[in-house]
S.K.: 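Handing you this structure, nothing more for now.
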Amino acid sequence: MTGKSADSKWQKRWEGFCKTAVIAIGGVLLGLLWLGSVVFTARVSGVEEVTRFHRDSLLLHVAVIGVVTVLGAALWKQRQKVLDFIERHFHGLLLCVAAAYALWVLSVALWPIADQRSVLECAAGLLRGDVSPWEKGGYLYCYPNQNGLVVFYAGLQFLFGEGNVLAIQFLNVLAALASAVCFAGFLRRTAFLSRSKPMALLLLLYLPMMFYVTFAYGTIPGLLLAMLGLYCQVRYLENWNGWFLAASALCFTGAVLLKSNYLIFLVAAVITFLYHALRQKKWRCLVAALVLVITNSLGSFALEASLEQVTGQQIEKGVPTAAWVAMGVEESPRAPGWYSGKYSLQLFQKNGYDTEKTAALASETIKERMGIFVQEPGYAVEFFAKKTASIWNEPTFQSLWIQQTRKPHQDFSRPVRSLLGEGGLLGRVYVKFFDIVQSLVYFFALCALVLGRKKLTFVQLTPILVFIGGFLFHLVWEAKGQYTVVYFFLLLPYAVKGLGILAEKLHRRVLCGAREKFAHR
């Protein structure tokens with residue numbers, strides 16, 4: 001066997017192993033989530049974020065899957081007309097979507113509360129020279145992970161005026177549009193789909209993600225940077241242009257500085273580079289992976305050093321990571337693994353704001369909880385099943401909740417009140433519709449992985465890699481639908497692909513076969 005053929009054989013085995021691993025893990029998770037979504041539905045309500053579980057209709061969801069698949073097969077030949085129409089009128093449709101979301105922002109006129117308000121107030125204080133948030137016991141002393149977001153909003157308030165929330169929300173609208181376009185561009189560049197504009201429009205119509213345009217907490221700007229990072233990465237893999245690598249590294253770093261959860265995107269990008277480094281023996285991919293890691297580290301260091309220079313305060317470690325993990329494996333009045341001050345801020349305060357001491361106590365709690373899970377496996381399964389369902393089987397991903405708790409309902413117009421008010425007609429329709437959409441996405445995304453596995457490349461699986469990382473991370477971290485909506489958003493193109501595969505198979509084998517038999521009679 002020659003050296004080249006041996007290398008080629010090894011490369012195929014490596015590619016097959018990596019793809020199979022991602023597809024197998026992603027497929028198992030999607031299968032479990034689909035089963036959960038058709039058996040019961042989680043609902044988060046009230047200021048306290050209490051989660052309640054309701055039985056769902058398995059027959060209804062299976063029937064809808066059948067109807068959608070049959071309709072897809074029946075309309076298979078007409079799909080090109082729809083796609084062509086969207087291509088021709090894309091900019092006009094994009095403008096309509098932007099106007100609709102801008103109108104929504106004006107209609108609800110929401111003012112930030114809780115952490116959103118704290119971040120904006122700290123940003124305004126930074127512009128005025130107020131350094132109290134960084135002093136012992138201050139908000140940023142406890143939560144230094146918010147420093148990047150504070151600096152970002154300080155810059156926006158410097159440009160648009162202190163407390164100008166509308167400007168931030170309008171920028172969120174633009175960032176949401178750009179995020180969808182970048183994600184669709186990434187999918188086209190990886191040859192996952194041939195047209196990006198129809199997919200971009202579809203992504204923009206997914207309201208549980210897009211309603212976060214009213215959320216002044218870095219979710220949408222971070223999403224844009226993460227998507228742009230993925231897009232620039234695949235461009236770099238195309239032509240090895242160093243500028244694309246630099247842009248990708250900066251975008252991922254910016255996303256992480258805005259919201260630490262976007263670190264999962266960076267990790268997925270690093271894994272993709274390492275995969276190419278081993279498969280193709282392109283050591284520039286190894287260097288690229290190091291560039292992403294080093295840039296992120298330098299970005300964090302630069303932010304911290306700059307803030308210390310400006311505020312004259314040392315940036316502390318704050319609430320330790322172990323405290324959030326302890327909270328993620330603890331019971332909570334809201335739902336298993338949801339927020340409770342017991343193992344985060346309160347524990348930090350009780351220990352005199354000592355990070356190391358807090359981390360040690362939190363670690364003891366984690367060990368204790370792991371011991372309980374090992375001794376009582378039935379309880380462990382129930383705990384993590386409920387925790388998972390509370391964030392992955394809540395069809396709105398708190399997209400209504402984040403708006404319901406920020407302004408008295410009587411201040412809304414009648415249509416808005418019907419959507420956001422407890423028990424409103426539009427609200428009930430919204431929840432049921434996206435309950436069905438959720439099960440469809442899980443099912444058809446699973447079909448895309450299983451039925452289309454031979455044609456999928458590892459780069460095309462990068463979003464699935466992010467989804468897997470997000471699922472595993474929040475299995476032990478704080479539970480919250482606000483976090484997982486981003487990972488669900490990544491599944492939408494796979495669902496479209498899965499539906500297309502099933503519809504095409506049904507069209508060719510059943511409908512076309514029936515027509516041929518009828519023609520021969």
S.K.: Do Phe373 and Phe384 have ring centres separated by under 6.0 Å?
M.R.: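 Here the rings of Phe384 and Phe373 have centres that are less than 6.0 Å from each other.
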S.K.: Show me the side-chain donor-acceptor pairs of residues 59-68 shorter than 3.5 Å, one per line, residues at least two apart or across chains.
M.R.:
{"unit_1": "His61", "atom_1": "ND1", "unit_2": "Ser439", "atom_2": "OG", "d": "2.8"}
{"unit_1": "His61", "atom_1": "NE2", "unit_2": "Asp56", "atom_2": "OD1", "d": "3.1"}
{"unit_1": "His61", "atom_1": "NE2", "unit_2": "Asp56", "atom_2": "OD2", "d": "3.1"}

S.K.: Classify the ring geometry of Phe183 against Phe489: parallel below 30°, tilted from 30° to 60°, perpendicular beyond 60°.
M.R.: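 Answer is tilted, since the angle falls between 30° and 60°.
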S.K.: Test side-chain hydrogen bond (donor to acceptor under 3.5 Å, both in side chains) on Asn145 and Ser260 and set out the steps.
M.R.: CA-CA 7 Å; Asn145 59 298; Ser260 56; 4.5 Å; no
S.K.: Does Lys480 count as lying over the ring of Tyr339, i.e. NZ or CZ under 6.0 Å from the six-ring centre, within 45 degrees of the axis?
M.R.: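 Lys480 over Tyr339 ring: no.
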S.K.: Does Arg369 count as lying over the ring of Phe383, i.e. NZ or CZ under 6.0 Å from the six-ring centre, within 45 degrees of the axis?
M.R.: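 Yes, Arg369 lies over the aromatic ring of Phe383.
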S.K.: Test your reading of the model: is there a side-chain donor-acceptor pair from Tyr153 to the backbone of Tyr217, 3.5 Å cut-off?
M.R.: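 Side chain of Tyr153 to backbone of Tyr217: a pair is present.
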S.K.: For Arg334, does its backbone N or O pair with a side-chain atom of Glu49 as donor and acceptor, under 3.5 Å?
M.R.: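 No.
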S.K.: Of all the heavy-atom pairs spanning Cys18 and Phe458, show the shortest one and how long it is.
M.R.: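 Scanning both residues, the minimum pair turns out to be CB-CE1, 3.7 Å.
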S.K.: Rounded to the nearest 0.5 Å, what separates atom OG1 in Thr295 from atom CG in Leu290?
M.R.: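 Going from OG1 on Thr295 over to CG on Leu290, the span is 10.0 Å.
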S.K.: How far does CZ of Phe273 sit from OG1 of Thr462, to the nearest 0.5 angstrom?
M.R.: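 It comes to 9.5 Å.
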S.K.: Checking Gln116 side chain against Ala216 main chain: does a donor-acceptor pair fall under 3.5 Å?
M.R.: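 Flag set: sc Gln116 to bb Ala216 pair under 3.5 Å.
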S.K.: Is the side chain of Tyr262 donor-acceptor paired with the backbone N or O of Leu257 at a distance under 3.5 Å, no angle test?
M.R.: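 Side chain of Tyr262 to backbone of Leu257: no pair is present.
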S.K.: Kindly compute the distance separating CG (Leu490) from CD1 (Ile468), expressed to the nearest 0.5 Å.
M.R.: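 Output value for this atom pair is 11.5 Å.
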S.K.: What distance do Asp435 atom CG and Ser57 atom OG have between them, rounded to the nearest 0.5 Å?
M.R.: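 Atom-to-atom, Asp435:CG and Ser57:OG are 10.0 Å apart.
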S.K.: Report yes or no: does Lys19 contribute a side-chain atom to a donor-acceptor pair with the main-chain N or O of Leu456 at less than 3.5 Å?
M.R.: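 Checked: pair present.
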S.K.: With sequence neighbours left out, write down each residue that passes side-chain hydrogen bond (donor to acceptor under 3.5 Å, both in side chains) with Ser390, or none if nothing qualifies.
M.R.: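 Listed in chain order: Trp338.
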S.K.: Provide the closest heavy-atom pair for Arg453 versus Ile23 in the form atom of the first, atom of the second, distance.
M.R.: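 Reported closest heavy-atom pair: CB-CD1, 3.6 Å.
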S.K.: Is it true that Phe211 and Trp104 have ring centroids separated by less than 6.0 Å?
M.R.: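 For Phe211 and Trp104, the ring centres are under 6.0 Å apart.
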S.K.: So, taking the atom named CD in Gln403 and the one named CG in Leu400, what distance separates them when rounded to the nearest 0.5 Å?
M.R.: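 So the gap between those two atoms works out to 7.0 Å.
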S.K.: Can you tell if the side chain of Lys197 reaches within under 4.5 Å of the side chain of Leu94, non-hydrogen atoms only?
M.R.: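 Not in contact.
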S.K.: Hey, is the main chain of Gly299 close enough, under 3.5 Å, to the side chain of Thr253 for a donor-acceptor pair?
M.R.: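 Checking the backbone N and O of Gly299 against the side chain of Thr253, no donor-acceptor pair under 3.5 Å is found.
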S.K.: How about Phe186 and Phe192: are their ring centroids closer than 6.0 Å?
M.R.: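 No; Phe192 has its ring centre 6.0 Å or more from that of Phe186.
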S.K.: Compute the ring centroids of Tyr494 and Phe467, then answer whether they are less than 6.0 Å apart.
M.R.: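 Ring centroids of Tyr494 and Phe467 are no less than 6.0 Å from each other.
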S.K.: Do Gln233 side-chain atoms and Ser248 backbone N/O form a donor-acceptor pair below 3.5 Å?
M.R.: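 Such a contact is absent between Gln233 side chain and Ser248 backbone.
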